[in-house]
Amino acid sequence: MLQLHTIRENKERIIKALKKRNMDAEPILSAVLDLDEKRRSLQTELDATLAESNKLSKEIGMLFKSGKAQEANALKEQTAGLKETSKQLGEDLNKAAEALQEQLYLVPNIPHDSVPAGNTDEDNEEVYREGDIPELADGALPHWELAKKYDIIDFELGVKITGAGFPVYKGKGARLQRALISYFLDKNTAAGYTEVQLPHLVNEASGYGTGQLPDKEGQMYHVQADDLYLIPTAEVPITNLHRDDMLSTAELPIKYTGYTPCFRREAGSYGAHVRGLNRLHQFDKVEVVRVEHPEASYKALDEMVEHVKSILKELKLPYRILRLCGGDLGFTSALTYDFEVFSTAQDRWLEISSVSNFETFQANRLKLRFKDENGKRQLVHTLNGSALALPRVLAGILENYQTKDGIKIPEVLVPYCGFDRIE
RNA sequence: GGAGGAAUGGCAGAGUGGUCGAAUGCGGCAGUCUUGAAAACUGUUGAGGGUCACACCUCCGGGGGUUCGAAUCCCUCUUCCUCCGCCA
């Protein structure tokens, strides 16, 4: 959520920046500013009315104390009208504030200057590429075939016990998955991130805090009986750890890493591109989250990018980094880098990490602030990234490391797996 | 799940209808003293809105109500504690 004063002072600049998202923000920003003005004038009016009745109440109190009951009772009659007025103003004020909030929730974050214009993922800008794309022998298989061949992931069993998009990992498949989680967590904690284990269900306030609500309500699983949501990413519980906090500069930066399953309804997406592990309703992910001083946040973003690079390098997977264009940029993000590994057998790139700076967008919703060097309260910047998302990394490993008679395990994972081949 | 109790400023803890946004202690900040530090002493110190700055308004877990007036009374929700039951 953007801050009102930012909109008041930078309307034209914001409109221009939001054009990168292919959005004409003029109407909504004007509506926001109108509602803001309305809200404030109602507030002023209400304040004046309340000040008047407060004054009268005090007088009445003093009169009673000094035994002048009659005069007091006479004053009482004067308060009736004020009461009526303030009640009405209060209602109007609430309505205006609600309408304002509603509009404000619809405004996406302002893209960073470096965000390229563009409409779709085809307009994303490749900024880095590393690793050789292996030449596979004839008969190389996509991972869902490999999964079947070596009996390491069973999609049909998942369908039986739950539904499509809930795979069952078996034997060395399950072990490899667990190995990846441990390896990622070890890498992240070595880089200074504090490991946390989190609830996999969150309440409504948390959903609003990180921006999944209200705009992405349909993408989360909702447990109606208790009004809780299954987390779509660890970002939600982690970032909300600091909701409503007032931090000191000494506490910054805060760095967390956490492994959780992630649940996404992904309603309406079916077809060839979602086969196998490519898109699931439940998947595992290790996330990193940072809470930063505003002046340090872009340096932090670069650090996160370098960190993810170091992991992919160790796994020896061919990957590229994209700077997302305005049209592809997430609602809450100011700047996002996507990491994609090349899936040899599918001959396409698979997104395995997304690293973003949200600047103050989430912090404003979260009321997550700190006292700066001058003792002034400021919103922090929040950032997060996957390090890494499991299924597509697994797909990449299976496909890129396959040989005629088995799948090799990347060297760094062998100690975690306890085996070096899947046959 | 049942029965009781509680929720107040960074923390602890007073306050049961009228200058209470809230005593007191601790902590924080500033100063005096000191070569420096500690101790002691003095002052200062909640948040949000609003204003150039004041004024002013709101906030004592959330929501609603009674009253001229609510931290204080009533209803309701949430959370925590104690006891009982159940349980990995």
Side-chain angles (χ1 to χ4, degrees), chain A residues 1-9 32-104 197-209 213 222-229 237 240-252 254 261 291 360 363-380:
Chain A
M1 189 166 64
L2 298 183
Q3 295 173 86
L4 266 175
H5 73 85
T6 311
I7 299 178
R8 268 183 227 143
E9 287 155 25
V32 164
L33 290 179
D34 285 350
L35 284 164
D36 176 43
E37 193 132 322
K38 189 172 162 198
R39 199 211 87 230
R40 279 193 294 166
S41 81
L42 281 166
Q43 180 84 63
T44 309
E45 230 181 304
L46 175 63
D47 284 358
T49 314
L50 288 176
E52 185 75 28
S53 30
N54 286 345
K55 215 176 91 193
L56 281 175
S57 289
K58 271 183 191 166
E59 278 174 38
I60 291 169
M62 295 213 280
L63 287 171
F64 271 123
K65 257 194 175 167
S66 50
K68 299 174 183 164
Q70 279 207 333
E71 287 176 48
N73 283 319
L75 268 187
K76 270 194 197 182
E77 284 165 30
Q78 285 185 36
T79 62
L82 287 173
K83 233 185 153 181
E84 191 58 39
T85 312
S86 59
K87 197 181 164 196
Q88 185 60 48
L89 282 170
E91 280 169 19
D92 294 349
L93 177 65
N94 281 343
K95 265 187 228 157
E98 243 170 68
L100 175 61
Q101 188 64 252
E102 222 169 85
Q103 293 296 305
L104 218 42
Q197 283 195 30
L198 304 145
H200 300 164
L201 289 156
V202 292
N203 57 29
E204 196 180 44
S206 295
Y208 274 94
L213 294 174
H222 184 211
V223 181
Q224 219 146 18
D226 299 288
D227 200 17
L228 296 171
Y229 295 86
N240 273 282
L241 292 174
H242 291 287
R243 171 149 47 88
D244 293 325
D245 274 6
M246 180 71 70
L247 304 165
S248 64
T249 45
E251 290 174 89
L252 298 175
I254 295 171
V291 177
T360 59
N364 192 26
R365 289 194 182 191
L366 292 159
K367 287 212 175 64
L368 171 45
R369 296 164 299 168
F370 73 106
K371 278 202 173 144
D372 70 16
E373 300 73 10
N374 306 314
K376 275 192 71 178
R377 282 171 289 277
Q378 275 195 59
L379 293 170
V380 299

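First the proteins, then the strands, lettered A, B, ... as listed; each starts at 1.
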A37(B): pairing nucleotide in any strand, Watson-Crick or G-U under 3.5 angstrom
none

Mind checking who A70(B) pairs with, Watson-Crick or G-U wobble, both distances under 3.5 Å?
none

Passes salt bridge (Lys or Arg N to Asp or Glu O under 4.0 Å), Asp36(A) versus Arg40(A)? Steps please.
CA-CA 6 Å; Asp36(A) 176 43; Arg40(A) 279 193 294 166; 3.6 Å; yes

Span that lies between the C1' atom of G4(B) and that of C59(B), in whole angstrom:
30 Å

Atom CD of Glu251(A): over 12 foreign heavy atoms under 6.0 Å
yes

Atom NZ of Lys55(A) and atom C1' of C57(B): how far apart are they, to the nearest Å?
15 Å

For nucleotides G18(B) and A71(B), find the distance between their C1' atoms and express it as a whole number of Å.
13 Å

Separation between the P atoms of U58(B) and G69(B), rounded to whole Å:
12 Å

Rounded distance in Å between the C1' positions of C74(B) and G21(B)
24 Å

Leu89(A) CG to C57(B) P, in whole Å, measures 15 Å

Opposite nucleotide pairing with U79(B), Watson-Crick or G-U, both atom distances under 3.5 Å
A6(B)

Starting from C1' on C77(B), measure out to CG on Asp227(A) and report it in whole angstrom.
13 Å

Start with the C-alpha gap between Ile254(A) and Leu247(A), add the side-chain angles, then the distance that decides, and say whether side-chain contact (heavy atoms from CB on, under 4.5 Å) holds.
CA-CA 10 Å; Ile254(A) 295 171; Leu247(A) 304 165; 3.9 Å; yes

Between Asn94(A) and Asn54(A), the residue closer to the 5' end of RNA chain B by nearest nucleotide is Asn54(A)

P atom, G46(B) versus C81(B): distance in rounded Å?
31 Å

For Glu204(A) and G62(B), what is the distance between atoms CD and P respectively, to the nearest whole Å?
18 Å

Polar pairs (N or O, both sides) under 3.5 Å between protein and nucleotides 17-21 of chain B?
residue	atom	partner	partner atom	Å
G18(B)	N2	Ser57(A)	O	3.0

Counterpart base for C52(B), defined by Watson-Crick or G-U wobble contacts under 3.5 Å
none

Specify the separation, in whole Å, of atom CD of Gln3(A) and atom C1' of G49(B).
15 Å

Write down the partner of A23(B) under the Watson-Crick or G-U wobble criteria, each distance required to be under 3.5 Å.
none

Got more than 12 heavy atoms from elsewhere within 6.0 Å of CD, Gln197(A)?
no

Residues in salt bridge (charged side-chain N to carboxylate O under 4.0 Å, His left out) with Asp47(A), at least two apart?
none

By salt bridge (charged side-chain N to carboxylate O under 4.0 Å, His left out) - contacts of Arg369(A) (at least two apart):
none

Between Ser57(A) and Asn54(A), do the side chains contain a donor N or O and an acceptor N or O under 3.5 Å apart?
no

Distance, rounded to the nearest Å, where Glu52(A) contributes CD and C68(B) contributes P
17 Å

Thr6(A) and Thr360(A), any side-chain heavy atoms less than 4.5 Å apart
no

Looking only at atom C1', what distance separates U66(B) and G2(B), rounded to whole Å?
32 Å

Is Leu104(A) close to Leu4(A) at the side-chain level, that is, under 4.5 Å between some pair of heavy atoms?
yes

pair_partner(A88(B)), Watson-Crick or wobble, both distances < 3.5 Å, evaluates to none

Given the C1' atoms of G15(B) and C73(B), what is the spacing between them in whole Å?
16 Å

Please state the C1' separation for the pair A12(B) and A88(B) - nearest whole angstrom.
37 Å

Are the side chain of Ser53(A) and the backbone N or O of Thr49(A) linked by a donor-acceptor pair below 3.5 Å?
yes

With a 3.5 Å limit on both atom pairs, tell me what U42(B) is paired to, counting Watson-Crick and G-U wobble, or say none.
A30(B)

Only counting residues at least two apart or in another chain, list the ones meeting side-chain contact (heavy atoms from CB on, under 4.5 Å) with Asn94(A).
none

Glu37(A) atom CD: more than 12 heavy-atom contacts under 6.0 Å:
no

Flag the pair Asp227(A) / His222(A) as yes when at least one side-chain heavy-atom distance between them is below 4.5 Å, and no otherwise.
yes

With the threshold set at under 4.0 Å for non-hydrogen atoms, list the residues of residues 73-86 of chain A touching RNA chain B in residue-number order.
Lys76(A), Thr79(A), Lys83(A)

Glu251(A) has an atom CD; how far is it from atom C1' of G28(B), in whole Å?
14 Å

Grab the CG-P distance between Leu50(A) and G50(B) for me, whole Å please.
16 Å

Report each atom pair, protein N/O against N/O of nucleotides 45-48 of chain B, whose distance is under 3.5 angstrom.
residue	atom	partner	partner atom	Å
A47(B)	OP1	Arg377(A)	NH1	2.7
G48(B)	OP1	Arg369(A)	NH1	3.0
G48(B)	OP1	Arg377(A)	NE	2.7
G48(B)	OP2	Arg377(A)	NE	3.1
G48(B)	OP2	Arg377(A)	NH2	2.9

